[in-house]
Engineer: 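What follows is a single structure, and I will ask about it in a moment.
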Amino acid sequence: MNSAEKMAQMQLRQNYRNMWHTDLLGAVGADAPFCVFYVYSGPCASYILRKRALYNDLSRYTCCAGYMPCSGNCGESNCPEFCLCSEVFCCFSNSVASTRFLLQDEFNIQTSPCDNCMIGFMFCLQQLACICSCVACLTGIDEIGDLADLLTCLSDIVYCSVCPCLQTQHKVEMDKRDGQFGPPPVMAVPPMQQMSRLDQPIPPSVHYPPYEENLKGGSIGQPPPYPGTGYPPASYPGGGYPPPPPPGYGPPPGGYPHPGSYPAYPPGGYNQSPGYPPSYPPPPSAYPPPDYKK
């Protein structure tokens with residue numbers, strides 16, 4: 001992982017939204033036995049936590065979890081157990097930080113402001129002690145050397161106090177991951193909506209009145225009848241269909257004439273033009289006509 005990728009990863013961690021299950025101040029109270037075990041056997045605890053962070057599958061192991069330039073170039077695939085032991089004993093600080101970054105990137109966990117202050121104070125003391133030691137070596141001033149020794153001792157005390165809390169925080173987070181605090185909360189889904197189908201004779205009773213009201217209305221699962229007076233309503237004109245004819249409406253007094261009594265059509269005095277109607281089909285004629293000029 002080059003420097004550009006490291007900077008991009010650090011900026012990405014600033015956008016994480018999940019929080020640790022416990023902060024550094026409450027880590028000792030969350031799991032005091034493991035915190036005591038870490039104080040007396042830090043490398044062994046770091047080995048256990050890294051292996052557990054990899055789900056006990058050391059075939060996935062890379063040196064410092066892939067966050068250092070040497071990662072993947074130390075022959076980890078040949079003997080991951082030995083490489084992990086070498087990491088936790090020779091590069092203890094990197095092993096703790098790598099396990100933390102591994103969990104943060106997996107679960108999108110951000111560090112709280114209080115944790116950042118404690119970790120930042122620890123790093124500042126270490127850097128200040130290193131600077132004072134370099135200045136004391138270059139100048140040979142005993143007072144600066146004494147100050148460097150004091151800062152080194154103070155930074156070691158702070159580190160030995162914060163590091164067990166860090167690893168206990170990691171252990172509690174993996175306990176949460178593995179379900180040791182109970183099953184994870186299940187997100188509730190909305191109830192399934194039902195629709196009336198062609199093959200369903202009775203529609204679903206969703207949003208209908210309760211069972212007792214349905215019994216009053218008729219069939220179970222159906223809404224009660226419309227509170228009207230029947231169909232058609234009383235205000236509808238007429239009591240039957242079709243309405244009766246008005247008075248005086250009916251056939252003529254003499255009755256309708258017989259169909260054979262109608263006069264012929266056309267009447268006898270009608271003068272028709274000769275040749276009409278034409279005979280059908282017309283008589284055949286030569287084509288083209290004789291007077292046609294080509």
Engineer: Give me the other members of the hydrophobic cluster that I131 sits in, counting Ile, Leu, Val, Met, Phe, Trp and Tyr linked by side-chain heavy atoms under 4.5 Å, directly or via other members.
Structural biologist: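 Result for I131 is V135, I141, I144.
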Engineer: Taking only residues two or more places apart in sequence, or in another chain, which ones meet Q110 in a side-chain contact (heavy atoms from CB on, under 4.5 Å)?
Structural biologist: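 Residues passing side-chain contact (heavy atoms from CB on, under 4.5 Å) with Q110: Y16, M19.
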Engineer: In terms of hydrophobic clusters joined by side-chain contacts under 4.5 Å, are I157 and L151 together?
Structural biologist: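 Each belongs to a different hydrophobic cluster.
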Engineer: Do side-chain atoms of E173 reach the backbone of H21 as a donor and acceptor pair under 3.5 angstrom?
Structural biologist: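 Here the side-chain-to-backbone pair exists.
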Engineer: If we check side-chain hydrogen bond (donor to acceptor under 3.5 Å, both in side chains) with S46, which of these qualifies: S98, S95, S93?
Structural biologist: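 That would be S95; it is the only one of S98, S95, S93 passing the side-chain hydrogen bond (donor to acceptor under 3.5 Å, both in side chains) with S46.
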Engineer: Can a donor-acceptor pair be found, under 3.5 Å and without considering hydrogens, that links the side chain of Q169 to the backbone of T22?
Structural biologist: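 Such a contact is found between Q169 side chain and T22 backbone.
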Engineer: For the backbone of Y38 and the side chain of S41, can you confirm whether one donor and one acceptor N or O come within less than 3.5 Å of each other?
Structural biologist: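 Judged by distance alone, no pair lies under 3.5 Å.
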Engineer: Looking at D57 and K51, is there a salt bridge between them, counting it only when a charged N and a carboxylate O are closer than 4.0 Å?
Structural biologist: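 Salt bridge: no.
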Engineer: Determine, stepwise, if the pair R52 / D175 fulfils salt bridge (Lys or Arg N to Asp or Glu O under 4.0 Å).
Structural biologist: CA-CA 10 Å; R52 188 176 173 187; D175 290 343; 2.5 Å; yes
Engineer: Is a donor on one side and an acceptor on the other found under 3.5 Å between the side chain of N18 and the backbone of F107?
Structural biologist: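 Looks like yes, one N/O pair under 3.5 Å.
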Engineer: Are Y61 and F89 connected in the hydrophobic side-chain network, where two residues link if heavy atoms are under 4.5 Å apart?
Structural biologist: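 Both belong to a single hydrophobic cluster.
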Engineer: Taking C-beta and beyond as the side chain, do W20 and H170 meet within less than 4.5 Å on heavy atoms?
Structural biologist: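 A side-chain contact exists here, since the closest heavy-atom pair is under 4.5 Å.
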Engineer: Pair V39, F34 - check side-chain contact (heavy atoms from CB on, under 4.5 Å), show working.
Structural biologist: CA-CA 9 Å; V39 170; F34 182 83; over 6 Å; no
Engineer: Ignoring hydrogens and angles, tell me if any N or O in the side chain of R50 forms a donor-acceptor pair with the backbone of L84 under 3.5 Å.
Structural biologist: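 Between the backbone of L84 and the side chain of R50 there is no qualifying donor-acceptor contact (under 3.5 Å).
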Engineer: Between R177 and Y55, is NZ or CZ placed under 6.0 angstrom from the six-membered ring centre and within 45° of the ring axis?
Structural biologist: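 The answer is yes, since R177 meets both limits relative to Y55.
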Engineer: Are any non-hydrogen side-chain atoms of T152 and S133 less than 4.5 angstrom apart?
Structural biologist: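 A side-chain contact exists here, since the closest heavy-atom pair is under 4.5 Å.
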Engineer: According to a 4.5 Å side-chain heavy-atom criterion applied to Ile, Leu, Val, Met, Phe, Trp and Tyr, with indirect links allowed, do M122 and M118 form part of one hydrophobic cluster?
Structural biologist: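 Yes, it is one cluster - the side chains of M122 and M118 are joined through contacts under 4.5 Å.
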Engineer: Could you see if L154 belongs to whatever hydrophobic cluster contains F123? Use Ile, Leu, Val, Met, Phe, Trp, Tyr and a side-chain cutoff under 4.5 Å.
Structural biologist: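 Yes, L154 connects to F123 through the hydrophobic network.
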